[in-house]
Amino acid sequence: MPEIPGEIMSEPVVTRFAPSPTGYLHIGGGRTALFNWLYAKRHGGKMLLRIEDTDRERSTPAAIEAILDGLKWLGLEWDGDAIYQFARAERHREVAKEMLAKGCAYKCFATPEELEAMREKAKAEGKPMRYDGRWRDRSAADIAEAEAKGLKPVIRLKAPQQGETVIDDLVQGRVTWANENLDDLVLLRSDGNPTYMLAVVVDDHDMAVTHVIRGDDHLTNAARQSQIYEAMGWKIPAFAHIPLIHGSDGAKLSKRHGALGVEAYRAMGYLPEALRNYLVRLGWSHGDQEIFSTEEMVSLFDLKNVGRSPARFDFAKLENLNGHYMRQTSDEALMAAIDVLLPHIEGGPELAERLTPERRAQWIKAMPGLKERAKTLLELVDGARFIDAARPLALDEKAKDILAKGGAVLGPLLARLESLPEWSVEALEGAVRAEAEAQGVKLGALAQPLRAALTGRSTSPGIFDVFVVLGREESLARIRDQVS
RNA sequence: GCUCCCAUCGUCUAGAGGCCUAGGACACCCGCCUCUCACGUGGGUAACAGGGGUUCGAAUCCCCUUGGGAGCGCCA
């Protein structure tokens with residue numbers, strides 16, 4: 001366990017990621033999970049996973065699956081089994097009853113209409129919209145009377161009315177609320193089910209969570225939750241509210257600008273390590289360093305260097321980072337990443353079927369030239385299309401143009417190549433250069449028509465590499481197709 | 001409306017009173033390299049939201065304004 005100066009290591013660090021399965025794992029959730037994971041790893045602790053599925057209407061098994069799948073793809077494995085919040089409802093009820101018994105909670109029979117009227121009134125008076133506490137100090141007789149009428153109460157927290165509630169947030173600093181602005185929140189609904197506010201506190205306590213790292217949108221919840229901890233006499237965990245991620249236009253993240261499930265990033269051809277690196281730099285920094293291996297992130301990550309202002313999602317930077325990681329990845333590993341990707345993209349399964357051992361060998365051989373020209377795996381796959389393109393090749397517009405203008409050089413070139421004793425980059429380059437010299441033209445005047453003939457395009461990896469990847473027979477055949 | 005949070009290049013950020021003529025990265029522009037496109041490499045454009053303080057000195061501390069964001073449910 002690493003020694004952390006200034007921190008007491010008597011208690012093992014426990015963080016948790018607590019998504020609600022009402023949709024996919026979006027990019028902001030992914031970053032929250034990453035920060036929790038890094039913090040836990042950094043301190044030799046654990047990151048737990050809790051599925052907040054108490055909203056039975058909106059929670060779906062498919063969403064749960066998508067979240068687990070997304071986390072695994074991102075490489076953020078949690079410790080132990082995932083905990084399902086709904087399964088713990090009985091314990092939440094118990095705690096609510098206990099609070100009732102202790103006198104720090106009370107039954108409230110206010111109707112939805114009454115509540116609505118309170119909000120209207122508060123709005124009209126320019127006051128905070130809050131419950132007015134009308135059942136807070138009712139007599140036992142009043143309560144008995146309401147119950148006799150068959151009314152079902154909610155249980156509300158008897159929150160402090162004076163003083164302030166303070167949290168020392170590890171990211172946002174000290175945040176203070178006047179208690180008069182906080183009302184008596186509902187702990188247990190009239191149908192006997194716990195509210196989120198209660199469930200979170202009980203679960204975090206029972207799970208021995210020491211650090212609650214979550215989105216900034218929960219900052220105000222922290223005040224109310226700390227009141228529940230106080231009421232129960234439980235130790236309040238450290239809070240760290242990290243700023244939200246916005247879209248490229250500064251507005252709330254929508255599907256248009258990146259609020260996609262992480263599986264969408266997989267389908268767009270991003271590498272999980274690149275996404276992790278991109279995400280960790282959104283909000284967190286370590287001086288001027290931009291590139292972090294996972295090991296470096298783990299050893300360097302801290303909450304102190306997480307910024308307090310929201311960040312915008314920028315695809316251009318993600319792409320750049322992804323390109324960087326692709327270039328650093330071995331040819332074999334990239335091939336493996338493509339294998340993972342193919343089932344998730346259009347036309348991928350068909351392509352996978354065509355990947356015979358021979359084809360794979362060609363891909364691997366082409367990989368060095370391919371990977372430095374691609375920013376995503378999708379581009380990599382696209383760049384490799386020439387490998388198994390069917391003859392005669394379909395030419396794109398630019399390739400057609402090149403051949404129309406300079407295709408005449410191919411005839412004499414073909415003769416020279418056909419008599420080449422050895423099919424290597426060196427031999428091919430020597431031959432083509434010699435031919436260029438013989439024709440009194442620059443190398444480019446021959447390379448471009450060759451590229452068009454061999455790949456059907458105007459851009460490709462180095463032309464001599466293309467020759468070698470394709471092999472003698474296929475290369476010569478493709479050139480002949482264009483000569484005749 | 002009320003409460004809370006935030007504010008450095010287009011974007012991500014460094015900066016914790018003098019080291020700042022505000023640094024790095026992405027993007028963009030101009031070169032070099034070169035068989036194309038990339039990669040690599042050299043250079044360039046570009047920011048402390050505004051106004052008041054505090055201080056010998058402020059991007060850094062305080063206040064106000066403005067601008068963003070979040071929350072205000074018997075949703076999570």
Side-chain angles (χ1 to χ4, degrees), chain A residues 18-22 52-55 57-59 85 108 110 112 115 119 122-131 152-156 169 171-173 175-178 181-183 185-191 193-197 199-200 215-224 241 243-244 246 248 250-252 278 281-291 305 307-321 323-324 327 369-375 383 398 402 429 432-433 436 442-448 450-452 455 457-464:
Chain A
S20 75
T22 53
E52 311 220 313
D53 57 348
T54 54
D55 185 341
E57 300 287 304
R58 297 193 300 151
S59 297
Q85 190 162 57
C108 165
L115 261 19
R119 282 186 210 108
K123 192 170 186 177
E125 292 173 1
K127 287 182 178 167
M129 294 183 230
R130 53 190 289 274
Y131 170 70
K152 294 277 181 230
V154 299
I155 295 180
R156 285 183 185 271
D169 193 277
V171 169
Q172 304 291 345
V175 185
T176 305
W177 289 264
N181 290 323
L182 269 18
D183 63 359
L185 67 277
V186 173
L187 298 168
L188 211 60
R189 301 188 183 103
S190 52
D191 65 1
N193 284 127
T195 60
Y196 162 79
M197 222 52 97
V200 173
D216 213 359
D217 49 341
H218 287 280
L219 185 58
T220 43
N221 290 339
R224 332 195 69 183
H241 289 93
L244 268 17
H246 292 163
S248 52
K252 191 171 179 175
Y278 176 71
R281 286 285 293 110
L282 231 45
W284 177 76
S285 63
H286 180 69
D288 284 340
Q289 189 171 345
E290 297 285 349
I291 305 293
N305 287 308
R308 287 145 298 150
S309 52
R312 298 187 187 201
F313 191 87
D314 181 17
F315 269 110
K317 189 149 186 175
L318 207 210
E319 284 219 336
N320 174 275
L321 224 31
H324 171 89
R327 274 172 258 130
L370 254 19
K371 69 185 178 189
E372 72 177 28
R373 290 170 172 75
K375 288 197 176 355
K398 285 178 183 169
I402 288 166
E429 177 156 9
V432 176
R433 283 191 186 278
K442 285 189 184 174
L443 182 57
L446 299 189
Q448 279 305 81
L450 277 174
R451 191 181 320 278
T455 70
R457 298 181 173 190
S458 60
T459 65
S460 81
I463 194 64
F464 306 114

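Proteins get letters first, then strands, A, B, ... in listed order; numbering begins at 1 in each. Basis for what follows: all heavy atoms, side chains included, without hydrogens, waters or symmetry-related copies.
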Sugar-phosphate means primed atoms, P, OP1 and OP2; the rest is base. With that split, encode nucleotides 5-24 of chain B 5' to 3' as B, S or - using protein heavy atoms under 4.0 Å. SSS---SBSS--------BB
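In this structure, CG of A/Leu244 is placed 11 Å from P of B/rG69, rounded to the nearest angstrom. Atoms CG (A/Asp183) and C1' (B/rC2) sit 12 Å apart, rounded to a whole Å. Taking atom CZ on A/Arg130 and atom P on B/rC4, their separation rounds to 14 Å, with Å as the unit. Taking atom CG of A/Asp169 as the reference point, atom C1' of B/rA70 lies 13 Å away to the nearest angstrom. The distance from atom CG of A/Asn221 to atom P of B/rG71 is 9 Å, rounded to the nearest whole Å. Taking atom CG of A/Leu318 as the reference point, atom P of B/rA25 lies 19 Å away to the nearest angstrom. Between the CG atom of A/Leu115 and the C1' atom of B/rC72 there is a distance of 13 Å, rounded to whole Å. Between A/Arg224 atom CZ and B/rA76 atom P the separation is 13 Å, expressed in whole Å.
As rounded to the nearest Å, B/rA46 and B/rA27 have C1' atoms that lie 11 Å from one another.
No engagement by A/Ala222 is indicated, since no non-hydrogen atom pair under 4.0 Å with the nucleic acid exists. At a threshold of 4.0 angstrom between heavy atoms, the contacts of A/Arg119 are confined to the sugar-phosphate backbone, with no base atom among them. Residue-level contact check: A/Val154 touches the bases, meaning some heavy atom is under 4.0 Å from a base atom. When heavy atoms are screened at a 4.0 angstrom cut-off, A/Thr54 is found touching the sugar-phosphate backbone but no base atom.
Minimum interatomic distance between A/Arg130 and A/Asp183 (heavy atoms only, all atoms of both residues): CA-OD2, 3.2 Å.
If you check distances only, the side chain of A/Thr220 never reaches the base of B/rC72 with a donor-acceptor pair under 3.5 Å.
No donor-acceptor pair under 3.5 Å is formed between the side chain of A/Arg119 and the backbone N or O of A/Ala122.
Of all nucleotides present, none satisfies the Watson-Crick or G-U wobble test against B/rA14 with each distance under 3.5 Å.
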Give each protein N/O atom lying under 3.5 Å from an N/O atom of nucleotides 36-39 of chain B, with the pair distance.
{"residue": "B/rU36", "atom": "O4'", "partner": "A/Gln448", "partner atom": "OE1", "Å": "3.0"}
{"residue": "B/rU36", "atom": "O2'", "partner": "A/Ser458", "partner atom": "O", "Å": "3.2"}
{"residue": "B/rU36", "atom": "N1", "partner": "A/Arg451", "partner atom": "NH2", "Å": "3.2"}
{"residue": "B/rU36", "atom": "O2", "partner": "A/Ser460", "partner atom": "N", "Å": "2.9"}
{"residue": "B/rU36", "atom": "O2", "partner": "A/Ser460", "partner atom": "O", "Å": "3.2"}
{"residue": "B/rU36", "atom": "N3", "partner": "A/Arg451", "partner atom": "NH1", "Å": "3.2"}
{"residue": "B/rU36", "atom": "N3", "partner": "A/Ser460", "partner atom": "O", "Å": "2.6"}
{"residue": "B/rU36", "atom": "O4", "partner": "A/Arg373", "partner atom": "NH2", "Å": "3.0"}
{"residue": "B/rU36", "atom": "O4", "partner": "A/Gly462", "partner atom": "N", "Å": "3.3"}
{"residue": "B/rC37", "atom": "O2", "partner": "A/Arg373", "partner atom": "NE", "Å": "2.5"}
{"residue": "B/rC37", "atom": "N3", "partner": "A/Arg373", "partner atom": "NE", "Å": "3.0"}
{"residue": "B/rC37", "atom": "N3", "partner": "A/Arg373", "partner atom": "NH2", "Å": "2.8"}
{"residue": "B/rC37", "atom": "N4", "partner": "A/Arg373", "partner atom": "NH2", "Å": "3.4"}
{"residue": "B/rA38", "atom": "O2'", "partner": "A/Glu372", "partner atom": "O", "Å": "2.4"}
{"residue": "B/rA38", "atom": "N1", "partner": "A/Glu372", "partner atom": "OE2", "Å": "3.4"}
{"residue": "B/rA38", "atom": "N3", "partner": "A/Glu372", "partner atom": "OE2", "Å": "3.1"}
{"residue": "B/rC39", "atom": "O3'", "partner": "A/Arg327", "partner atom": "NH1", "Å": "3.3"}

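RNA chain B is contacted by both A/Lys123 and A/Lys152; A/Lys123 maps to the nucleotide lying nearer its 5′ end (nearest heavy atom per residue).
In this pair, A/Phe315 and A/Phe313 present their aromatic rings perpendicular. The plane angle is above 60°, beyond the 30 to 60° band.
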